[in-house]
Amino acid sequence: MRLDPRMLRQFLAVCREGSISRAAKSEHVSQPSVSMAIGQLERVLGVKLFHRTHKGVLLTSAGEALKLKALAIENLLVTAQEEIKSLADEVSGPLHIGGTPGAMSSVMGEVIREFCGKYPSFKIKLTECHEATAHRLLKTYDLDIAILTAGPYSLSDDFTELPLFSDSLLLVTGKANSHLPDHVNIAELARHRWLLPDKVSGFKHQINTLFLDNDIPLPSNVIYTDSLLTLKRILINSDYLAILPRDVVKSELESRQLRSIEINNFDSRRRVGLIWLAERDLSPFAKAFVGHASECIYS
């Protein structure tokens, strides 16, 4: 027996609401019909999907796995409806791209101008998120493609990765630190004021490794932020330090709002690429974006 999409919708309602009664209310159906749908799903799959408690229900490991697939189906249906409507309006898309702020700004700023020449009318949605969220949203089809800074680890087989480029990481500061020399040892700055990335990511791991490899504790006088706009304004107007990719602060360095300081014995690069779910067949428009991004960066 095949899974019924209507049962999956009621299953997602239970996941969302945390109880069968609240799910029935949100779906405007009776509680017995939701219970029957969940029971039928469990019989078809041969597993328990929920643990029943006095406070509601909790997903089992099998339930968590089904939730990912059910969300993917739901999002795929929504995207299909949007795509058909866009075709009728002679608009390409939709395409939902997510990623970390630095990686997104580096790629989209370089790619989008020429892409507009090939596709004069399209619908693209951009969502800033950290890597773990991007991976999860790719698995549920909320994102089509992610633009991420690659870490020192390998991606799981769930994903396909297309490396685009790499650039150097710089120690960056504003005019308030004009007294600092052009070359420093990282140990000399450990007690300084620092801006560091907040969310766990490959980029954050690279920065942490810089301190740990030199037997230096991570800075304690620190502001954590993943907002590039906020970070740049703080750097320009204060004596904070940050390590950032060259491409991200290129314009501020050229206008001399910020300057870079060379860290002795530090030669690290940030690698940026596109990733998508390996099992997913991307839409023609998404494939066109991937191909164009590759051509634009490497040309």
Side-chain angles (χ1 to χ4, degrees), residues 98-107 109 127-136 146-155 165-273:
T100 52
M104 288 258 288
S105 63
S106 296
V107 172
T127 298
E128 290 188 355
C129 57
H130 58 88
E131 290 170 16
T133 299
H135 292 164
R136 176 175 57 80
I147 306 173
L148 299 175
T149 301
Y153 47 83
S154 299
L155 278 174
F165 69 91
S166 66
D167 63 350
S168 56
L169 297 176
L170 306 174
L171 174 61
V172 181
T173 190
K175 294 178 180 178
N177 280 323
S178 59
H179 61 284
L180 292 179
D182 293 331
H183 297 76
V184 297
N185 293 316
I186 193 65
E188 300 171 21
L189 304 175
R191 296 185 177 276
H192 210 86
R193 294 187 178 95
W194 281 86
L195 287 155
L196 296 176
D198 182 29
K199 303 297 184 183
V200 175
S201 64
F203 179 51
K204 182 171 184 172
H205 181 84
Q206 283 182 281
I207 295 176
N208 289 351
T209 300
L210 169 64
F211 289 96
L212 298 177
D213 282 354
N214 287 276
D215 295 321
I216 303 166
L218 294 175
S220 56
N221 192 354
V222 60
I223 295 175
Y224 292 103
T225 179
D226 292 315
S227 168
L228 283 179
L229 181 59
T230 300
L231 185 148
K232 289 181 182 181
R233 296 314 302 173
I234 293 174
L235 284 175
I236 290 170
N237 292 287
S238 72
D239 64 349
Y240 274 81
L241 303 171
I243 295 176
L244 293 168
R246 181 185 296 276
D247 183 75
V248 168
V249 289
K250 181 180 178 180
S251 61
E252 288 81 8
L253 292 173
E254 291 176 348
S255 65
R256 298 188 178 181
Q257 291 179 291
L258 297 174
R259 74 179 180 108
S260 63
I261 299 173
E262 184 173 331
I263 303 175
N264 297 329
N265 301 318
F266 175 62
D267 183 20
S268 188
R269 301 185 69 81
R270 171 192 68 151
R271 193 176 86 241
V272 174

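What's counted below: heavy atoms across the whole structure, side chains too, no hydrogens, waters or symmetry copies.
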### Message
To check you understand the geometry: which heavy-atom pair defines the closest contact between Leu170 and Ser260, and what is its length?
### Response
CD1-CB, 4.0 Å

#### Entry: Polar side-chain atom of Thr100 near backbone of Gly102 as donor-acceptor pair, under 3.5 Å
no

### Message
On a heavy-atom basis, which atom in Ala176 and which in Ser238 lie closest, and how many Å separate them?
### Response
CB-O, 3.4 Å

### Task
Report the residue from Ile243, Val222, Leu241 that forms a side-chain contact (heavy atoms from CB on, under 4.5 Å) with Leu196.
Val222

### Message
Quick check for you: to the nearest 0.5 Å, what is the distance between Leu244 atom CG and Ser168 atom OG?
### Response
11.0 Å

### Task
Side-chain contact test, heavy atoms from C-beta onward, threshold under 4.5 Å: evaluate it for Asp198 versus Thr225 and give yes or no.
no

### Message
Keeping Arg269 on the side-chain end and Ser166 on the backbone end, is there a donor-acceptor pair under 3.5 Å?
### Response
yes

### Value rounded to 0.5 Å, distance of OG1 in Thr173 from CZ in Arg259
7.0 Å

### Task
Answer yes or no: is there a donor N or O on one side and an acceptor on the other, between the side chain of Asp226 and the main chain of Pro197, under 3.5 Å?
no

### Message
Does Arg246 have more than 12 heavy atoms from other residues, nucleotides or ligands lying within 6.0 Å of its CZ?
### Response
no

### Task
Calculate, to the nearest 0.5 Å, the distance between atoms CG and NE2 belonging to Leu210 and His205 respectively.
11.5 Å

### Query
Is a donor on one side and an acceptor on the other found under 3.5 Å between the side chain of Lys232 and the backbone of Val248?
yes

### Query
Has the side chain of His192 got a donor or acceptor atom that lies under 3.5 Å from a matching backbone atom of Pro219?
no

### Evaluation steps, side-chain contact (heavy atoms from CB on, under 4.5 Å), between Leu231 and Tyr240
CA-CA 9 Å; Leu231 185 148; Tyr240 274 81; over 6 Å; no

### Query
To the nearest 0.5 Å, how far apart are CG in Leu180 and CD1 in Ile261?
4.5 Å

### Message
If I compare all heavy atoms of Arg270 with all of Gln206, which pair ends up nearest, and what's the gap?
### Response
CA-OE1, 4.3 Å

#### Entry: Side-chain (Trp194) to main-chain (Leu189) donor-acceptor, under 3.5 angstrom
yes

### Query
Which distance, rounded to the nearest 0.5 Å, do you find between the CD1 of Ile207 and the CG of Leu169?
7.0 Å

### Message
Just verifying a value: how many Å separate Met104 CE and Leu228 CG, rounded to the nearest 0.5 Å?
### Response
10.5 Å

